[in-house]
Amino acid sequence: MTLPRLVALTGAGVSAASGVPTFRSAEGGLWRRHRPEELATPSAFARDPALVWEFYDWRRQLIAGCRPNPAHLTLAEMDALLPHFTLITQNVDGLHHQAGSRRVLCLHGDIWWLKCSRCHYREENHTVPLRPLPPLCPCCEAYLRPDVVWFGEALSPSVLSRATEACAEADILLVIGTSALVYPAAQLPFYTLQHRGRVYEFNTEPTPLSGHVTESILGPCEETLPAWWCDFQNEYGLA
Ligand code: APR
C-alpha cells in the first residue's frame with residue numbers, strides 16, 4: 001500500500017503536557033498582568049525593550065526546564081519513518097527539535113534564536129537567564145530581539161509558501177493543539193480540504209475548525225496522537 005503524504009500542524013496545546021503554558025488559557029496567558037498580545041509586538045519593543053526582554057527571558061527560563069512529551073515524540077517518529085512528511089509548528093519553544101524532528105517549518109520563529117533589530121546579525125543562543133537585558137548586537141550594538149514573529153509582523157514568505165504547498169499536497173493533515181484562531185496558520189487546513197485531503201483535529205475542546213474537519217478527536221493529544229499513530233502504522237504495515 002502506498003504511504004500517504006502526511007503533514008502535521010501544531011500549536012501550543014502540543015506542549016501543554018510538557019509544562020509550557022498555552023497562550024489563551026486563563027492560568028498561562030498572563031505574565032505580571034500583561035497579556036502576550038501587549039508584549040509581543042514591535043511597538044511594545046520600541047517603547048520598552050527591557051520589559052519585552054524580561055517577558056522573553058522568563059519564557060526561555062520556563063521552557064528550558066521542559067521536556068518533549070509523547071505527542072512530540074510521536075511526531076519525531078513520523079518524521080523518521082515516513083518519506084513524505086512535513087511538520088509545521090506555530091510554537092517557538094524548540095521542543096519538536098529536542099524530540100528529534102528534523103523537517104520542521106517554524107511559522108512563528110524560534111525563541112532560541114536572536115536577531116538584530118537593525119542589521120542582519122542572527123545567532124542561536126540557549127543561555128538562561130540571558131544577561132545583560134536587553135542584549136546588544138556584536139556587529140552594530142543595536143538591541144538584539146527574539147527571532148519570533150510578533151503580532152502585526154509578517155511571517156517569512158518562504159516558510160509560509162512551503163507550509164501552504166505541503167498542506168495543499170497533503171493526503172492527511174493532523175491539526176494538533178491549536179485554537180485555530182490565528183491567521184495565516186488557521187487557513188492552512190482549508191488548503192488540504194480544498195484538495196480533498198483528510199484533516200484530523202486533536203484538541204481537548206472543539207475549535208472554529210472542528211465543524212470543517214474529517215474527524216475531530218477530543219482529548220489530550222499526548223494520548224490521542226500516539227493512539228492514532230499506532231492505528232496508522234497497523235493499517236499501513238509499519239508496525
Ligand atoms: N492536547 C490537545 N490540545 C490541547 C491540550 C492538550 N493536552 N492542551 C490545550 N490544548 C488546546 C486548547 O484547547 C487550545 O485550543 O490547545 C490550544 C491552544 O491554543 P492557543 O493557546 O491559542 O495556542 P495556539 O493555537 O498555538 O496560538 C497560535 O497565537 O499567540 C499566538 O503566536 C502565538 O503561535 C501562537 C498563536
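Note that ligands are numbered from 1 as they come in the structure, with each ligand's atoms numbered from 1 the same way. For the single chain, residues carry numbers from 1 onward in sequence order.
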Does Thr204 reach ligand 1, in the sense of a heavy atom lying below 4.0 Å from it? yes
Test of understanding: given a 4.0 Å heavy-atom threshold, classify the contact between [X] and ligand 1 as side chain, backbone, both, or neither.
X	value
Thr178	both
Glu37	neither
Gln90	both

Looking only at distance, does Thr207 have an N or O less than 3.5 Å from an N or O of ligand 1? no
Of all the non-hydrogen atoms in the protein, which one sits nearest to [atom], and at what distance?
atom	result
atom 5 (C) of ligand 1	Gly13 O, 3.6 Å
atom 22 (O) of ligand 1	Ser179 OG, 2.6 Å
atom 7 (N) of ligand 1	Glu222 OE1, 3.1 Å
atom 17 (C) of ligand 1	Gly177 O, 3.5 Å
atom 15 (O) of ligand 1	Asn203 ND2, 3.0 Å
atom 32 (O) of ligand 1	His108 ND1, 3.2 Å
atom 36 (C) of ligand 1	Val182 CG2, 3.8 Å
atom 27 (O) of ligand 1	Arg24 NH1, 3.2 Å

Say whether Glu123 and Asn125, considering side chains only, have a donor N or O and an acceptor N or O under 3.5 Å apart.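 Yes.
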Are [X] and [Y] side-chain neighbours, meaning at least one heavy-atom pair lies under 4.5 Å?
X	Y	result
Pro189	Val213	no
Thr192	Val7	no
Leu130	Leu114	yes
Asn91	His108	no
Ile63	Ser15	no
Ser18	His72	yes

In ligand 1, which numbered atoms sit nearer than 4.0 Å to a non-hydrogen atom of [X]?
X	answer
Glu205	13 (O)
Gly11	26 (O)
Cys221	1 (N), 2 (C), 6 (C)
Ala12	23 (O), 24 (P), 26 (O)
Phe151	30 (O), 31 (C)
Ala16	8 (N)

Between Glu153 and Arg145, does any NZ, NE, NH1 or NH2 come within less than 4.0 Å of an OD or OE carboxylate oxygen? yes
Any Lys/Arg nitrogen of Arg59 or Asp93 sitting under 4.0 Å from an Asp/Glu carboxylate oxygen of the other? no
Please verify the inter-ring angle class for Trp150 with Phe45; under 30° counts as parallel, over 60° as perpendicular, anything in between as tilted.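 Correct class here is tilted.
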Using the six-membered ring wherever Trp is involved, compare the ring planes of Phe232 and Trp229 and label them parallel, tilted or perpendicular (cut-offs 30° and 60°). parallel
Output side-chain donor-acceptor pairs under 3.5 Å for residues 159-166, partner residues at least two apart or in another chain, one line each.
{"unit_1": "Ser161", "atom_1": "OG", "unit_2": "Ser158", "atom_2": "O", "d": "3.3"}
{"unit_1": "Thr164", "atom_1": "OG1", "unit_2": "Leu160", "atom_2": "O", "d": "2.7"}

